[in-house]
Visitor: 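Have a look at the structure that comes next, please.
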Amino acid sequence: MISDREFTQVWTNALRSLNSYAFCLCRDRGLSEDLVQQTALQAWEARHHLRPDSNVRAWLFVILRNCHFALLRRPKYEVEDPEGILLENFAVHPTYYAEREVVDVSAALQVLPESQRQALTHIAIRGLSYMETARLCSCKEGTIKSRVARARQRLLQLVDRAA
């Protein structure tokens, strides 16, 4: 594994070349700076996977190139609407369905038996593990798993019926 200090040294040495390469790829100074920034983020997050004998400099250039390709693919899925004209033409506000679904799920949660609702709430909302939830509910881990599974299944049925 490469140390943070070694990685920082390689990054510092490669930065000027990365900036040049990014500019050659996109021919836009602002966009090239964004590409280098994204490369820095991705490389920093993955630096612990590098071996000491790795060619880190080449790896940085590959990340930069892949960031550029991802940027080229993105516009296919985006629509420019600087004045908000398209947004105004929507029949409903985009958050309308989310708000309605939250109300449906909340109502369905109240119908669940207390033991299932408690187990599901600890696991899905509070983010506790099955073991922690079992300790809190004074039962076995397998019991919690089955309660959560039944609660999820029943919740889906109730929400589907409400829709």
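Residue numbers run from 1 in the order of the sequence given. In what follows, every heavy atom counts, from backbone to side chain, and hydrogens, waters and symmetry copies are set aside. None of these values were measured; they are calculated from a predicted model.
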Visitor: Is the number of heavy atoms from other residues, nucleotides or ligands under 6.0 Å of Gln37 CD greater than 12?
Guide: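 Counting other residues, nucleotides and ligands, CD of Gln37 stays at 12 neighbours or fewer.
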
Visitor: Atom OG of Ser54 and atom NE2 of His49: how far apart are they, to the nearest 0.5 Å?
Guide: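 Reported to 0.5 Å precision, the distance equals 12.0 Å.
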
Visitor: Do the side-chain N and O atoms of Arg147 and Thr133 include a donor-acceptor pair separated by under 3.5 angstrom?
Guide: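 Their side chains do not contain a donor-acceptor pair, so the 3.5 Å distance test is not met.
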
Visitor: Please determine if Glu33 and Arg29 form a salt bridge, counting it only when a charged side-chain N lies under 4.0 Å from a carboxylate O.
Guide: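 Answer for the salt bridge query: no.
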
Visitor: Any idea which heavy atoms bring Leu155 and Leu109 closest together, and the distance?
Guide: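 The pair with the smallest heavy-atom distance is CD1-N, 3.7 Å.
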
Visitor: Let me confirm one number: the CZ-OG distance from Arg150 to Ser115, rounded to the nearest 0.5 Å.
Guide: 7.5 Å

Visitor: Please confirm whether the backbone N or O of Ser129 pairs with a side-chain atom of Glu132, one donor and one acceptor, at under 3.5 Å?
Guide: yes

Visitor: Do Phe69 and Phe23 sit in one hydrophobic cluster, given that two such residues count as connected whenever their side-chain heavy atoms are within less than 4.5 Å of each other, even indirectly?
Guide: no

Visitor: Tell me whether Leu50 shares a hydrophobic cluster with Val10, the cluster being built from Ile, Leu, Val, Met, Phe, Trp, Tyr side chains joined at under 4.5 Å.
Guide: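 In one cluster with Leu50: Val10, yes.
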
Visitor: Within this structure, what is the OG-CG distance for the pair Ser32 and Asn19, rounded to the nearest 0.5 Å?
Guide: 6.5 Å

Visitor: Answer yes if the side chains of Arg16 and Ser20 hold a donor-acceptor pair under 3.5 Å, and no otherwise.
Guide: no

Visitor: Quick one: does any side-chain atom of Arg47 pair with a main-chain N or O of Asp4 as donor and acceptor, under 3.5 Å?
Guide: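 Answer holds: no.
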
Visitor: Atom CZ of Arg154 and atom CG of Leu120: how far apart are they, to the nearest 0.5 Å?
Guide: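 If we round to the nearest 0.5 Å, Arg154:CZ and Leu120:CG are 13.5 Å apart.
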
Visitor: To check you understand the geometry: which heavy-atom pair defines the closest contact between Ala134 and Ile144, and what is its length?
Guide: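 Closest approach of Ala134 to Ile144: CA-CG1, 3.6 Å.
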
Visitor: Determine, step by step, whether Gln9 and Asn13 satisfy the side chain to side chain contact (heavy atoms under 4.5 Å, CB included) criterion, reporting the C-alpha distance in whole Å, the side-chain angles of both residues, the deciding distance to 0.1 Å, and the verdict.
Guide: CA-CA 6 Å; Gln9 185 64 39; Asn13 292 340; 3.3 Å; yes

Visitor: Identify the heavy atoms of Gln110 and Arg117 that sit nearest to each other, and give their distance.
Guide: O-NH1, 3.3 Å

Visitor: Using the rule that two of Ile, Leu, Val, Met, Phe, Trp, Tyr join whenever any of their side-chain heavy atoms come within less than 4.5 Å, decide whether Trp44 and Leu18 are in one cluster.
Guide: yes

Visitor: Checking Gln153 against Gln157 for the side chain to side chain contact (heavy atoms under 4.5 Å, CB included) test, could you report, in this order, the C-alpha distance in whole Å, the side-chain angles of both residues, the deciding distance, and whether it holds?
Guide: CA-CA 6 Å; Gln153 186 176 21; Gln157 291 170 349; 4.3 Å; yes

Visitor: Rounded to the nearest 0.5 Å, what's the gap from CG on Leu35 to CG on Asn66? Could you check?
Guide: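 If we round to the nearest 0.5 Å, Leu35:CG and Asn66:CG are 11.0 Å apart.
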
Visitor: Locate the shortest heavy-atom distance separating Val36 from Leu64; write the atom from each residue and the value.
Guide: N-CD1, 4.0 Å

Visitor: Locate the shortest heavy-atom distance separating Arg152 from Ile123; write the atom from each residue and the value.
Guide: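 Closest pair (atom of Arg152, atom of Ile123, distance): NH2-CG2, 3.9 Å.
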
Visitor: Is it possible for you to say whether Leu15 and Ile2 belong to one hydrophobic cluster, with membership spreading through side-chain heavy-atom contacts below 4.5 Å?
Guide: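 Cluster IDs for Leu15 and Ile2 match.
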
Visitor: Enter the distance from Met131:CE to Lys145:NZ here, rounded to the nearest 0.5 Å.
Guide: 9.0 Å

Visitor: Side chain to side chain contact (heavy atoms under 4.5 Å, CB included) for Cys67 and Leu71? Distances and angles first, verdict last.
Guide: CA-CA 6 Å; Cys67 287; Leu71 197 65; over 6 Å; no

Visitor: Please say yes or no: joined through hydrophobic side-chain contacts below 4.5 Å, possibly via intermediate residues, are Tyr130 and Leu112 part of one cluster?
Guide: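 Looking at the clustering, Leu112 is in the same group as Tyr130.
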
Visitor: What pair of heavy atoms forms the shortest contact from Leu60 to Ala43, and how long is it?
Guide: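 Closest approach of Leu60 to Ala43: CD2-CB, 3.5 Å.
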
